[in-house]
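Worksheet for the structure shown next.
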Amino acid sequence: MAERSEQLIRKAQATHCLTRQDIAELLGDADCEERLAQAADAVRQEFVGDGVHLRGLIEFSNICRQDCCYCGLRRDNRRIERYRLTPDEIVELARKAKGYGYRTVVLQSGEDPYFSVLVLCHILQRIKKMNLAITLSIGERSREEYQAFRAAGADRYLLRIETTDAELYHRYDPGMSHANRLRCLWDLRELGYEVGTGTLVGLPGQSLDSLAADVLFYQELDADMIGIGPLIPNGDTPLGEAAPGDFHLTRRMVSILRLLLPEANIPATTAMETMVPHGRELILASGANVVMPNVTEGDYRRKYALYPGKICVADTPADCRQCMQGRIAAMGRFVARDQGFRHHRKPNS
Ligand code: SAM
Ligand code: SF4
Ligand code: FES
């Protein structure tokens, strides 16, 4: 490993601050990966402890009005079987998630216009009565809609910027506006949500410098959660023939994120495990502290087909809960019992 990388890792661990060029250098040094992960794991332990937060993921509709070039849910994909859960089914899944011991649910979908403010607020109010923290991940909406969801009980919102490179974004998210994506994130911030965002690693043409800019953007936004994952090419999309995102580069980015945003909640994403068996444990040991097991039931899991090879499609919510509990314990960590809000605090002395 280059001496320069060792210096940069020490600087990041001590000051939580690096320049764009420093970050790009570390991202580009494959030999520093283990050392980076070790430093990130120490910072994770110091700032957010050994608890791993489990969030129950409910994939409630795969209908989407957008046409992102990488995603199987895109509007123009005719080869996907569409589904939409009813409000009662969504509330029932949340109730079951609570029964499995989850303290948080993540309601995720394509950009499905059926879920108007009226429909969604009613669902949020019903779930809120169960004393669950609620994360929404349903794409771009107006400030007024975000405000209404917040008032109805949504605590957190996940909206990846995907890339901070506006040109790249417009290439792969046709019909969408990077400026509007930023507007959404800043609105969510101002409305008092815990804001989650992140990068899709491996978009063709994405440079190390661009990934470094993403990290600095997360610092500027003071993101509460950052979920990053590699692109997994989906044959039913325009990026079907693209090279997959680099697992190791993604892992280095997770570690750098932990060093530079020490208090953030950082998930070990499903896409990491789709690429590498036990990839989530590896990422949990490289700076991450959150896992989002699926609580969607039956065939809907398979139909929520962002990319091929998705894990757990034949497993039940109870299987996934038990599986993660065991795997986390085997790492010498534990499942956190609180609702997993970000703690603004100084490191343990
Ligand atoms: N529609 C909402 C949105 O776009 O924010 C939420 C659901 S969307 C399916 C969640 C995330 O899936 C996206 O932010 C994107 O990064 C990721 N994703 C989509 N297609 C992917 C692929 N082929 N490989 C890896 N991740 C993918
Ligand atoms: Fe729709 Fe989200 Fe997929 Fe884009 S990434 S096509 S907005 S589900
Ligand atoms: Fe689903 Fe392991 S997390 S079976």
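These values consider heavy atoms only, across backbone and side chains, with no hydrogens, waters or symmetry-generated copies. Just so you know, ligand 1 is whichever comes first in the structure, and atom 1 is the first atom listed for that ligand.
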Under 4.5 Å between side-chain heavy atoms, counting indirect links through other Ile/Leu/Val/Met/Phe/Trp/Tyr residues: same cluster for Leu73 and Tyr70 or not?
no
Is there a nitrogen or oxygen of Glu162 sitting under 3.5 Å from a nitrogen or oxygen of ligand 1?
yes
Say whether Asn289 and Arg258, considering side chains only, have a donor N or O and an acceptor N or O under 3.5 Å apart.
yes
Taking atom types as modelled and ignoring hydrogens, do the side chains of Glu263 and His343 form a donor-acceptor contact shorter than 3.5 angstrom?
no
Carboxylate-amine/guanidinium proximity below 4.0 Å for Glu81 and Arg302
yes
Considering only NZ, NE, NH1 and NH2 on the basic side and carboxylate oxygens on the acidic side, decide whether Glu59 and Lys310 come within less than 4.0 Å.
yes
At less than 4.0 angstrom from any non-hydrogen atom of Arg327, what atoms of ligand 3 do you find?
2 (Fe)
Sub-4.0 Å atoms of ligand 3 with respect to non-hydrogen atoms of Cys323:
2 (Fe), 3 (S), 4 (S)
Would you please say whether a donor-acceptor pair under 3.5 Å links the side chains of Gln147 and Arg143?
no
Proximity flag Gly245 to ligand 1, non-hydrogen atoms under 4.0 Å:
no
Sidechain-backbone polar pair: Lys303 side chain, Ile80 backbone, donor-acceptor under 3.5 Å
no
Checking Thr163 against Asp165: is there a side-chain donor and acceptor pair closer than 3.5 Å?
no
Top protein contact for atom 3 (Fe) of ligand 2, by heavy-atom distance
Cys71 SG, 2.4 Å
Return the closest protein heavy atom for atom 2 (C) of ligand 1 as residue, atom name and distance.
Ser109 O, 3.5 Å
For atom 11 (C) of ligand 1, what's the nearest protein heavy-atom neighbour? Residue, atom name and distance, please.
Arg160 NH1, 4.5 Å
Using a strict cut-off of less than 4.0 Å between a Lys/Arg side-chain nitrogen and an Asp/Glu carboxylate oxygen, indicate whether Asp112 and Arg84 qualify as a salt bridge.
yes
Tell me: protein heavy atom nearest atom 24 (N) of ligand 1, and distance?
Ile232 N, 3.0 Å
Taking only heavy atoms of Pro230 into account, list the atoms of ligand 1 that are under 4.0 Å away from them.
24 (N), 25 (C)
Quick check on contacts: which atoms of ligand 2 are under 4.0 angstrom from a heavy atom of Gly110?
8 (S)
Heavy-atom contacts with Leu73 under 4.0 Å: which atoms of ligand 2 show up? List them by number with element.
8 (S)
Donor + acceptor pair across side chains of Asp214, Thr164 (<3.5 Å)
yes
Rounded distance [0.5 Å steps], CG in Leu107 versus OG in Ser137
9.5 Å
Considering only the protein, which heavy-atom contact is closest to atom 4 (Fe) of ligand 2, and what is its distance?
Cys68 SG, 2.3 Å
Indicate whether atom 20 (N) of ligand 1 is within a distance of less than 4.0 angstrom of some protein heavy atom.
yes
Per-atom filter on ligand 3: closer than 4.0 angstrom to a heavy atom of Asp315 are 4 (S)
What atoms of ligand 3 come closer than 4.0 angstrom to any heavy atom of Cys312?
1 (Fe), 3 (S), 4 (S)
Of Leu158, Val105, Thr270, which is the lone residue that meets side-chain contact (heavy atoms from CB on, under 4.5 Å) with Met292?
Leu158
Which atoms of ligand 2 sit under 4.0 Å from any heavy atom of Gln66?
7 (S)
Is atom 1 (Fe) of ligand 2 less than 2.8 Å from at least one N/O/S atom of Cys64?
yes
Aromatic contact between Tyr157 and Phe149, with the criterion being ring centroids under 6.0 Å apart: yes or no?
no
Arg55 to Tyr102 six-membered ring, cation-pi geometry met (6.0 Å, 45°)
no
Considering only the protein, which heavy-atom contact is closest to atom 26 (N) of ligand 1, and what is its distance?
Leu200 CD1, 3.4 Å
Centre-to-centre under 6.0 Å for His16 and Phe47, is that the case here?
yes
Heavy-atom gap Asn234 to ligand 1 smaller than 4.0 Å
no
Just by distance, no angles: are the side chains of Arg35 and Gln38 close enough, under 3.5 Å, to form a donor-acceptor pair?
yes
Look at ligand 1 and say whether Arg181 reaches it with a heavy atom at a distance under 4.0 Å.
yes
With heavy atoms only and a cut-off of under 4.0 Å, state how Tyr157 meets ligand 1: side chain, backbone, both or neither.
neither
State the atoms of ligand 3, each with its element, that fall below the 4.0 Å cut-off from a heavy-atom position in Cys320.
1 (Fe), 3 (S), 4 (S)
Nearest neighbour in protein (non-hydrogen) for atom 12 (O) of ligand 1:
Leu306 CD1, 3.6 Å
For ligand 1, which atoms sit closer than 4.0 Å to a heavy atom of Leu159?
5 (O)
For the atom pair CG (Leu259) and NZ (Lys11), what is the distance rounded to the nearest 0.5 Å?
12.5 Å
With respect to Gln108, determine whether any N or O atom, backbone or side chain, lies less than 3.5 Å from an N or O atom of ligand 1.
no
Short N/O distance, under 3.5 Å, between Pro233 and ligand 1?
no
Would you mind running through ligand 1 and noting each atom that sits below 4.0 Å from a heavy atom of Ser137?
6 (C)
Can you sort out which atoms of ligand 2 are near Arg74, meaning under 4.0 Å from one of its heavy atoms?
6 (S)
Closest to atom 3 (S) of ligand 3 among protein heavy atoms sits Arg280 NH2, 3.2 Å
Of all the heavy atoms in Ala271, does at least one lie under 4.0 Å from an atom in ligand 1?
no
